[in-house]
Amino acid sequence: MKRTNKVLLIYTGGTIGMGHNKRTGALEPLDFSHLVDNVPEFKLVPTEVDTYQFDPPIDSSDMTPCRWAQLVQIVSECYDDYDGFVILHGTDTMAYTASALSFMFENLTKPIILTGSQLPIGQLRTDGKENLMTSIELASAHHKDGTAMVPEVCIYFSGHLLRGNRSTKQNADEFNAFDSFNYPHLCEAGVNFTFDEHRILTPDYSKPLITHTELDNNVIIFSLFPGMEEGLMHHLLDAPELRSIVMRSYGSGNAPQRPWLMKLLKQASERGVIVVNISQCISGRVEMSRYDTGYQLKDAGVISGYDSTVEAAVTKLMYLQARYDDADMVRYYMNRSIAGEISIIE
């Protein structure tokens, strides 16, 4: 595979490039030149690094499906010119972006690595420099035949390379902000890189990259909790625009044995609303055949989300709903792994 020895660095915003507002003292996104000025190590990287900046940079809380489409367009337009791509992104919605991009890039053969930091890159104890420099190295890492070591959408943080659609932000205060609780790390970055190669997706290099920029975000996420009110649930499930629900259930996929709840879920399912059951636990999977409460959900038309993260489930639904009008087609693909986002045990 022909290599360019170039990586494109895309700066969307986030803590890594922030500085203090002199008036309020609060952190705010700064111009990309501020970030580059604080990383003299850039000059030591053997790979050529080009940069692209969102103007203005955004806080990741303001990330939207339109911004995801913008990222897809940026990467696709110069896909052949670079060996890999690094996206600097705020941590709060990074796992959503990584999950969405994993579905929006079909037949991906190059690394797209999202990273950021918990402290601004200009601060003495910042984690940003290591995250940034290692991400650039990983984006350019390749086999002897020139193919990428990790041709996936990933998140790199604090020494760990994670599959993007398996990742969740686990900590707001410590440097190990992300983990993939239901899937092993793809690489450990210590003194050397230790790749877990049989865990990494193997693309079909004979197929061209196909990009998808349309998303249908008529989806909601809600968590079950003791004391849910029937009236509020009725209004929620009765919204005419609603196409799907990510329902965060208890344990291995259980719900209260309330006849009204099962009735509402069944009515929603029968009118074409897709209800996907995922666990509130950060580790583990939904097994609706384990307990009677899970069986009742299956009878109500609820489908399993297996070991999916919230971020992967909701962005996968957005992607599928934009592609298929038929709810049964969406349900079919929710029960299939599209980009390594779920493990299905028959």
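What you see below is based on every heavy atom in this structure, not just the backbone, and it leaves out hydrogens, waters and symmetry mates.
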Describe, in one word, how the ring planes of Tyr319 and His212 are oriented to each other, choosing from parallel (under 30°), tilted (30 to 60°) and perpendicular (over 60°). perpendicular
Between Thr93 and Ser60, is there a donor-acceptor pair closer than 3.5 Å when you use the side chain of the first and the backbone of the second? yes
Are Phe105 and Val72 packed together at the side-chain level, in the sense that at least one heavy-atom pair is separated by less than 4.5 angstrom? yes
Less than 4.5 Å apart, side chain to side chain, heavy atoms only: is that true for Ser343 and Arg166? yes
Assess whether atom NZ of Lys266 is packed by more than 12 heavy atoms of other residues, nucleotides or ligands within 6.0 Å. no
Between Thr97 and His89, does a side chain to side chain donor-acceptor pair (under 3.5 Å) hold up when you go through it step by step? CA-CA 9 Å; Thr97 297; His89 194 291; 2.8 Å; yes
Under 3.5 Å, is there a donor-acceptor pair between the side chain of Asn182 and the main chain of Gly284? yes
How long is the straight-line distance from OH of Tyr52 back to SG of Cys78, given to the nearest 0.5 Å? 9.5 Å
What's the spacing between Thr309 OG1 and Ile278 CD1 if we round to 0.5 Å? 7.0 Å
Inspect the contact between Lys316 and Glu341 and indicate whether a charged nitrogen and a carboxylate oxygen are less than 4.0 angstrom apart. yes
Please check if Met233 and Ile221 belong to a single hydrophobic cluster, counting links between Ile, Leu, Val, Met, Phe, Trp and Tyr side chain heavy atoms closer than 4.5 Å. no
Note: Gln170 and Phe178 closest approach over all heavy atoms is NE2-O, 3.9 Å
Walk me through it: do Ile74 and Phe85 pass the test side chain to side chain contact (heavy atoms under 4.5 Å, CB included)? CA-CA 10 Å; Ile74 293 164; Phe85 303 85; over 6 Å; no
Taking atom types as modelled and ignoring hydrogens, do the side chains of His185 and Asp179 form a donor-acceptor contact shorter than 3.5 angstrom? yes
Between Thr4 (side chain) and Asp81 (backbone), is there a donor-acceptor pair under 3.5 Å? yes
Met334, Leu215: one ILVMFWY side-chain cluster at the under-4.5 Å cut-off? yes
Within-4.5 Å side-chain heavy-atom neighbours: Val286 and Ser304: yes
Yes or no on side chain to side chain contact (heavy atoms under 4.5 Å, CB included) for Ile10 and Leu8, after CA distance, side-chain angles and deciding distance? CA-CA 6 Å; Ile10 303 168; Leu8 180 63; 4.0 Å; yes
Distance, nearest 0.5 Å, that separates CD of Gln296 from CG of Leu265: 11.0 Å
Please evaluate residues Lys263 and Gln267 with respect to the criterion side chain to side chain contact (heavy atoms under 4.5 Å, CB included), reporting the C-alpha separation (whole Å), side-chain torsions for both, the decisive distance (0.1 Å), and the verdict. CA-CA 6 Å; Lys263 179 184 175 185; Gln267 288 174 344; 3.2 Å; yes
Is a donor on one side and an acceptor on the other found under 3.5 Å between the side chain of Ser167 and the backbone of Ala95? no
Would a 4.5 Å heavy-atom cut-off, applied to side chains only, mark Ser244 and Val276 as touching? no
Could you measure the distance from the CG atom of Leu236 to the CZ atom of Phe222? Nearest 0.5 Å is fine. 6.0 Å
Quick one: which of Asp216, Asn217, Asn218 gives a side-chain hydrogen bond (donor to acceptor under 3.5 Å, both in side chains) with Arg243? Asp216
Consider only side-chain heavy atoms of I, L, V, M, F, W and Y, link residues closer than 4.5 Å, and tell whether Val150 and Val86 are in one cluster. no
Shortest non-hydrogen contact between Glu152 and Arg199, atoms and distance: OE2-O, 4.2 Å
Write down the atom of Leu186, the atom of Cys154, and the distance for their closest heavy-atom approach. CD1-SG, 3.8 Å
Will you find, in the side chains of Thr147 and Arg3, an N or O donor that is under 3.5 Å from an N or O acceptor? no
Nearest 0.5 angstrom please: Asp307 CG to Ser180 OG, how far? 11.0 Å
Check this for me: Arg258, atom CZ, are more than 12 non-hydrogen atoms of other residues, nucleotides or ligands nearer than 6.0 Å? no
Grab the two heavy atoms, one from Ile200 and one from Pro151, that are nearest each other, plus how far apart they are. CG2-CD, 3.9 Å
Validation row: Phe195, Leu138 side chains within 4.5 angstrom (heavy atoms): yes
Answer yes or no: is there a donor N or O on one side and an acceptor on the other, between the side chain of Thr115 and the main chain of Tyr156, under 3.5 Å? yes
Show your working on side chain to side chain contact (heavy atoms under 4.5 Å, CB included) between Glu48 and Val7 and close with a plain yes or no. CA-CA 6 Å; Glu48 186 178 340; Val7 167; over 6 Å; no
Quick one: are Lys110 and Val75 in side-chain contact, heavy atoms under 4.5 Å? no
Apply side chain to side chain donor-acceptor pair (under 3.5 Å) to residues Tyr79 and Thr109 and explain how you reach the verdict. CA-CA 10 Å; Tyr79 189 71; Thr109 59; 2.8 Å; yes
Shortest non-hydrogen separation from Ser61 to Asp92 and the atoms involved: OG-OD2, 3.9 Å
Joining Ile, Leu, Val, Met, Phe, Trp and Tyr whenever any side-chain heavy atoms lie under 4.5 Å apart, the cluster holding Ile282 also takes in Phe181
Is the Lys NZ or Arg CZ of Arg285 less than 6.0 Å from the centre of Tyr306's six-membered ring, within 45° of the axis? no
Sub-3.5 Å donor-acceptor pair from the side chain of Arg163 to the main-chain atoms of Gly340, do we have one? yes
Answer yes when Asp50 and Lys6 have at least one side-chain N-carboxylate O distance shorter than 4.0 Å, and no when they do not. yes
Any heavy-atom pair between the side chains of Met318 and Trp68 that's under 4.5 Å? yes
Identify whether Met329 and Val219 are in the same connected component of the hydrophobic contact network (ILVMFWY, side-chain heavy atoms under 4.5 Å). yes
Under 4.5 Å between any side-chain heavy atoms of Met228 and Leu261, yes or no? yes
Side chain Ser99, main chain Thr315, donor-acceptor under 3.5 Å: no
Crowded around Glu214 CD? As in, over 12 foreign heavy atoms under 6.0 Å? no
Could you list all the salt bridge (Lys or Arg N to Asp or Glu O under 4.0 Å) pairs where at least one residue sits in residues 222-237, not counting sequence neighbours? none
Going by an N to O cut-off under 4.0 Å, is there a salt bridge joining Arg67 and Asp62? no
Judged by atom type as modelled, is there a donor-acceptor pair below 3.5 Å linking the side chain of Ser140 to the main-chain atoms of Ile136? yes
Mark yes or no for whether Thr134, through its side chain, and Asn131, through its backbone, hold a donor-acceptor pair below 3.5 Å. no
Specify the closest pair of heavy atoms between Ala139 and Pro111, including all atoms of both residues, with the distance to one decimal. O-CG, 3.5 Å
Just how far is it from atom CG of Asn165 to atom OG of Ser102, taken to the nearest 0.5 Å? 4.0 Å
I want to know whether Tyr324 and Tyr333 have ring centres closer than 6.0 Å. yes
Short side-chain to backbone donor-acceptor contact, Asn277 and Gly253, under 3.5 Å: yes
Between Met149 and Tyr205, is there a shared hydrophobic cluster once you connect ILVMFWY residues whose side-chain heavy atoms come closer than 4.5 Å? no
